[in-house]
Amino acid sequence: AAYRNPYREWIGAQIRGDLFGYICPGDTETAAEMAWRDASISHVKNGIYGEMWIASMLAKAAVNDDMPTIIRSGMKQIPKKSRLYKELAEILSRFESGDTAEETKAYILGKYDENNPHHWCHTISNAAIVAMGLLWGKKDFTYTMELCLTMGFDTDCNCATAGSVLGMVLGVLVGLCRQTCITEAGGISLPGIAIGILCFVLLQKFKLSVPKVIGIAAVLGLVCFGVF
């Protein structure tokens, strides 16, 4: 991981951490240990800590819905003297001090340069964006995605990671219904509402499993939105 590896503290490990959080609900230490084993193959220092932070957050998100608590739970698994820990602590401090999302975005953009290839894909700059999105996103899926996306940097990874944590907190069907019931223009989608109601009925009355309901909703979504 260390020999002639310019990517050793980039985001490549951080974006692999979700699985370990998913399979260790409530067990942040085991999730972090699994993430460490995975990340140490290809990364060092903050590159490893990023994956440990994400995995631990997801493990905590399975049993807790308070975003500051979730973020701190992940931070407990990484060294306090690390640059990643200090940056996440700064973002948390700004949130709890009452800074706005725009002020925090300006802070991140003032410290890191998206046009610098190292900053663009580094673990720390992108972890700061994920934390910002989760803290100021108000548990609103669309707004959280907006905050992460409009920052630039590694947009697909940051939106995916923030969405993963939020999905664990809210439940996958909440996000699914939200995205199918609201049109791109912000209006109401009647086919989407119908799909959402059907999902609820299939889960509550017929006791179908979540994967089956998601599969049905996906197929109906393709059919409906291809017709209407």
Side-chain angles (χ1 to χ4, degrees), residues 1 7-96 104 107-108 111-112 118-137 139 144-145 147-148 151 153-170:
Y7 315 110
R8 58 189 178 274
E9 285 195 302
W10 282 22
I11 202 174
Q14 181 167 296
I15 60 175
R16 302 198 303 256
D18 302 57
L19 170 64
F20 307 114
Y22 295 157
I23 63 176
C24 299
D27 189 349
T28 57
E29 291 186 8
T30 300
E33 180 187 357
M34 289 181 173
W36 178 87
R37 291 175 182 274
D38 176 73
S40 61
I41 296 172
S42 55
H43 288 66
V44 301
K45 299 181 181 178
N46 293 284
I48 295 175
Y49 308 150
E51 183 170 351
M52 295 171 67
W53 175 61
I54 294 298
S56 299
M57 279 205 302
L58 280 159
K60 188 67 173 181
V63 296
N64 191 292
D65 64 358
D66 181 68
M67 284 303 175
T69 299
I70 290 170
I71 290 173
R72 282 197 172 91
S73 293
M75 292 169 63
K76 287 180 181 178
Q77 303 303 321
I78 65 176
K80 288 187 177 180
K81 64 180 181 180
S82 67
R83 287 174 292 138
L84 176 59
Y85 186 98
K86 292 177 181 178
E87 189 63 271
L88 293 172
E90 174 67 24
I91 300 298
L92 268 170
S93 176
R94 289 174 175 272
F95 176 74
E96 293 172 342
T104 305
Y107 160 74
I108 296 172
K111 187 171 184 179
Y112 303 102
H118 189 57
H119 287 183
W120 169 75
C121 209
H122 199 279
T123 292
I124 297 175
S125 53
N126 287 287
I129 292 171
V130 170
M132 180 274 298
L134 291 172
L135 288 169
W136 276 269
K139 297 181 187 175
T144 301
M145 294 301 99
L147 288 173
C148 292
M151 283 296 291
F153 291 79
D154 202 335
T155 53
D156 57 333
C157 294
N158 294 334
C159 287
T161 298
S164 181
V165 175
L166 197 56
M168 184 68 89
V169 169
L170 299 178

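What you see is a predicted model; the values in this text were computed from it and never measured.
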>> I'd like to know if Arg37 pairs up with Glu33 as an ion pair, taking the criterion as any Lys NZ or Arg NE/NH1/NH2 lying under 4.0 Å from an Asp or Glu carboxylate oxygen.
In response: yes
>> According to side chain to side chain contact (heavy atoms under 4.5 Å, CB included), who are the partners of Arg94, at least two apart in sequence or on a separate chain?
In response: Glu90, Asp99, Thr104, Tyr107, Trp136
> Does the side chain of Met151 come within less than 4.5 Å of Met132's, by heavy atoms?
Replying inline: yes
> Hey, is the main chain of Asn46 close enough, under 3.5 Å, to the side chain of Ser82 for a donor-acceptor pair?
Replying inline: no
> Does atom NZ of Lys139 have more than 12 heavy-atom neighbours, drawn from other residues, nucleotides or ligands, at distances under 6.0 Å?
Replying inline: yes
>> As an exercise, state the distance from CG of Leu58 to SG of Cys24, rounded to the nearest 0.5 Å.
In response: 10.5 Å
> To the nearest 0.5 Å, how far apart are CZ in Phe153 and CD1 in Ile11?
Replying inline: 11.0 Å
>> Are Leu88 and Tyr49 packed together at the side-chain level, in the sense that at least one heavy-atom pair is separated by less than 4.5 angstrom?
In response: no
>> Ignoring hydrogens, what is the shortest heavy-atom contact between Ala127 and Leu84? Give both atom names and the distance.
In response: CB-CD1, 3.6 Å
> Which atoms form the tightest heavy-atom contact between Gly47 and Ala13, and what is the distance?
Replying inline: O-CB, 3.5 Å
> Between Lys76 and Glu29, does at least one N-O distance fall below 4.0 Å, as a salt bridge requires?
Replying inline: no
> Any side-chain heavy-atom pair from Asp38 and Met34 closer than 4.5 angstrom?
Replying inline: no
>> To the nearest 0.5 Å, what is the distance between SG on Cys121 and CD on Gln14?
In response: 10.0 Å
> Between atom CG of Leu147 and atom CG of Leu135, what is the distance when rounded to the nearest 0.5 Å?
Replying inline: 10.5 Å
> Please, which pairs that meet side-chain hydrogen bond (donor to acceptor under 3.5 Å, both in side chains) have at least one residue in residues 59-70, sequence neighbours excluded?
Replying inline: Asp66-Thr69
>> Between Arg8 and Ser42, do the side chains contain a donor N or O and an acceptor N or O under 3.5 Å apart?
In response: no
> Between Ile70 and Val169, does a side chain to side chain contact (heavy atoms under 4.5 Å, CB included) hold up when you go through it step by step?
Replying inline: CA-CA 10 Å; Ile70 290 170; Val169 169; 3.6 Å; yes
>> When you measure from the side chain of Thr28 to the backbone of Ser73, do you find a donor-acceptor pair of N or O atoms at a distance under 3.5 Å?
In response: no
> Is any side-chain heavy atom of Met75 closer than 4.5 Å to a side-chain heavy atom of Lys80?
Replying inline: no
>> Quick check: closest heavy atoms across Arg83 and Ile124, and the distance to 0.1 Å?
In response: CB-CD1, 3.5 Å
> Is the shortest heavy-atom distance from the side chain of Ile15 to the side chain of Ile54 under 4.5 Å?
Replying inline: no
>> Quick check for you: to the nearest 0.5 Å, what is the distance between Lys45 atom NZ and Ser40 atom OG?
In response: 15.0 Å
>> With a 4.5 Å cut-off on side-chain heavy atoms, are Gln77 and Trp36 touching?
In response: no
> In Å and rounded to the nearest 0.5 Å, what is the OG to CZ distance from Ser56 to Phe20?
Replying inline: 11.5 Å
> With a 4.5 Å heavy-atom cut-off, do Tyr85 and Pro79 have their side chains touching?
Replying inline: no
> Any side-chain heavy atom of Arg16 within less than 4.5 Å of one from Glu51?
Replying inline: yes
> Under 3.5 Å, is there a donor-acceptor pair between the side chain of Trp10 and the main chain of His122?
Replying inline: no
Atom pairs and distances, donor-acceptor, side-chain atoms in residues 155-166, under 3.5 Å, two or more places apart:
from, atom 1, to, atom 2, distance (Å)
Asn158, ND2, Asn126, OD1, 2.8
Asn158, ND2, Asp154, O, 3.2
Thr161, OG1, Cys157, O, 3.0
Ser164, OG, Asp18, OD2, 2.7
Ser164, OG, Tyr22, OH, 2.5

>> For Ala55 versus Ala35, what's the shortest heavy-atom pair and its separation?
In response: CB-CB, 3.8 Å
